[in-house]
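Reading through the structure tokens given below for one structure.
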Amino acid sequence: MMNRMSRHTAAAMLVAAVVVASASCTRQAPRSHVVLMKDITFQPAELTVSPGDTIVWENKDFVPHTATARDASWDSKTLNADSSWRYVAEKPGRYDYYCIFHPTMRGTIEVR
Amino acid sequence: MSMPSFHNRSVTLFGAALACCALVACKPKGEQAADTTAAAMAPAADTAATAAPAKPNDAQIAHIAVTANSIDSAAGVLAKTKGKSKAVKDFAQTMITDHTQVNKQAVALATKLGVTPEDNDVSRQLNEGAQTSQESLKTKSGADFDSAYMDHEVAYHQAVLDALDSTLIPDAQNAELKDLLTKVRPAIAAHLERAKGIQKSLTSGS
């Protein structure tokens with residue numbers, strides 16, 4: 001009797017584990033996105049990412065730039081030529097950002 | 001916005017010198033003033049009707065580019081010291097940083113190509129105009145300085161942008177020099193837009 005119950009419990013646990021595992025599989029693995037700072041623009045200027053994704057800004061110009069959120073929630077600080085900055089987007093929302101040295105450089109990151 | 005007369009004079013000189021550098025680059029000094037004035041005043045069609053001017057060579061273009069960058073970097077150094085508002089001081093720092101970086105690239109390219117930037121009448125006129133502007137700016141202080149400096153920066157960057165489009169980029173023969181000038185253009189355009197924004201904010205007092 002105990003043996004049969006144990007087998008039932010084990011089977012139930014196995015099913016539960018499979019369900020949990022498959023549920024976690026449907027959640028997308030974090031991705032990495034690149035935004036180029038080139039010709040005094042952000043390329044792409046608009047980017048949609050998922051929470052947990054990483055965004056890498058790479059400065060391909062020969063003048064320094066920044067990627068600075070308008071709401072001040074994140075800021076790369078000065079990025080010299082050929083340097084980069086990584087940021088993991090966690091909180092959903094729409095973030096407008098710009099370069100403090102060249103305010104005509106504008107971009108948007110949408111986290112959803 | 002009215003511009004102080006010295007700025008009108010010096011910036012007109014900058015613009016005329018850069019935009020019409022081909023007209024004066026190879027002329028004896030005595031003929032330059034008349035040519036520059038005539039070229040600045042002549043409608044485009046009339047200018048086109050005149051004999052084809054000698055174009056500046058790559059060594060001269062490199063020299064003009066380095067001179068123009070150095071001038072604005074020097075103006076930035078002055079503005080960092082004498083400027084009043086944070087926006088003006090921050091802008092001045094960007095001018096120092098960016099124009100210094102551009103010149104590093106220009107010098108590196110000239111070295112790589114084995115080209116010695118060649119002094120020319122346009123560069124000399126730019127330097128003379130810059131000296132006049134600097135001397136005048138030095139006599140100002142506070143909000144007057146900020147206003148005069150930003151007026152100058154708007155006009156100067158517009159003149160450089162026009163010169164890049166009309167002369168420097170199209171006349172550059174070496175592909176790498178042309179590419180460098182083309183890459184510099186967006187920075188000059190961004191400086192101009194930022195300068196206009198600050199100029200406007202100073203005028204409105206915001």
Side-chain angles (χ1 to χ4, degrees), chain A residues 32-49 55-87 89 93-110, chain B residues 65-66 69 72-73 76 79-80 86-110 112 150 153-154 157-158 160-161 164 169 176-201 206:
Chain A
S32 188
H33 309 263
V34 174
V35 177
L36 298 181
M37 297 158 143
K38 195 171 175 225
D39 299 335
I40 320 291
T41 58
F42 294 111
Q43 301 177 10
E46 297 216 2
L47 181 65
T48 301
V49 305
I55 305 153
V56 184
W57 280 269
E58 295 179 358
N59 186 359
K60 298 296 184 188
D61 279 336
F62 43 70
V63 296
H65 291 307
T66 73
T68 305
R70 294 266 177 206
D71 67 1
S73 58
W74 42 268
D75 185 2
S76 68
K77 307 291 185 189
T78 301
L79 287 178
N80 289 317
D82 294 321
S83 61
S84 63
W85 180 66
R86 306 171 76 84
Y87 172 71
R94 187 177 168 84
Y95 300 89
D96 292 327
Y97 69 99
Y98 70 113
C99 167
I100 59 171
F101 304 131
H102 310 97
T104 50
M105 282 177 75
R106 300 185 193 102
T108 303
I109 300 292
E110 185 153 2
Chain B
V66 170
N69 273 297
D72 206 47
S73 189
K80 265 199 83 180
K86 185 177 183 304
V88 168
K89 284 173 174 278
D90 287 350
F91 177 83
Q93 181 56 58
T94 299
M95 295 308 103
I96 296 167
T97 305
D98 284 8
H99 288 293
T100 301
Q101 285 303 112
V102 171
N103 266 0
K104 278 185 187 170
Q105 296 291 323
V107 170
L109 178 60
K112 178 187 167 191
M150 293 317 303
E153 289 301 291
V154 167
H157 282 90
Q158 185 63 64
V160 172
L161 204 56
L164 280 168
I169 292 174
E176 288 183 81
L177 176 61
K178 195 185 278 281
D179 186 50
L180 176 64
L181 294 167
T182 304
K183 282 181 180 166
V184 167
R185 192 192 184 285
I188 301 297
H191 292 170
L192 176 60
E193 287 311 303
R194 185 174 170 193
K196 283 180 177 174
I198 297 170
Q199 184 188 48
K200 194 175 172 186
S201 70
S206 60

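Chain A is the first sequence line, chain B the second, and so forth, proteins listed ahead of strands; every chain is numbered from 1.
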> For chain B, which residues from residues 64-85 of chain A lie under 4.5 Å away (heavy-atom distances)?
Replying inline: A/P64
> Taking everything shown except B/K178 itself, do over 12 heavy atoms lie less than 6.0 Å from its NZ?
Replying inline: yes
>> Can you list the residues of residues 97-109 of chain A that sit under 4.5 Å from chain B, counting heavy atoms only?
In response: A/I100, A/F101, A/H102, A/P103, A/T104
> Would you say B/K89 has more than 12 foreign heavy atoms packed within less than 6.0 Å of its NZ?
Replying inline: yes
> What's the spacing between A/D39 CG and B/R185 CZ if we round to 0.5 Å?
Replying inline: 11.0 Å
> Non-hydrogen atoms of chain A under 4.5 Å away: do they reach the side chain of B/H99, the backbone, both or neither?
Replying inline: neither
> Short question: side chain of B/Q101, backbone of A/F62 - any donor-acceptor pair under 3.5 Å?
Replying inline: yes
> Taking only residues two or more places apart in sequence or in another chain, which ones pass side-chain hydrogen bond (donor to acceptor under 3.5 Å, both in side chains) with B/E176?
Replying inline: B/K112
> Which atom pair, heavy atoms only, marks the closest approach of A/I40 to B/A190?
Replying inline: CG2-CB, 3.6 Å
>> Checking B/K196 now: which residues fulfil salt bridge (Lys or Arg N to Asp or Glu O under 4.0 Å) with it, not counting sequence neighbours?
In response: B/E193
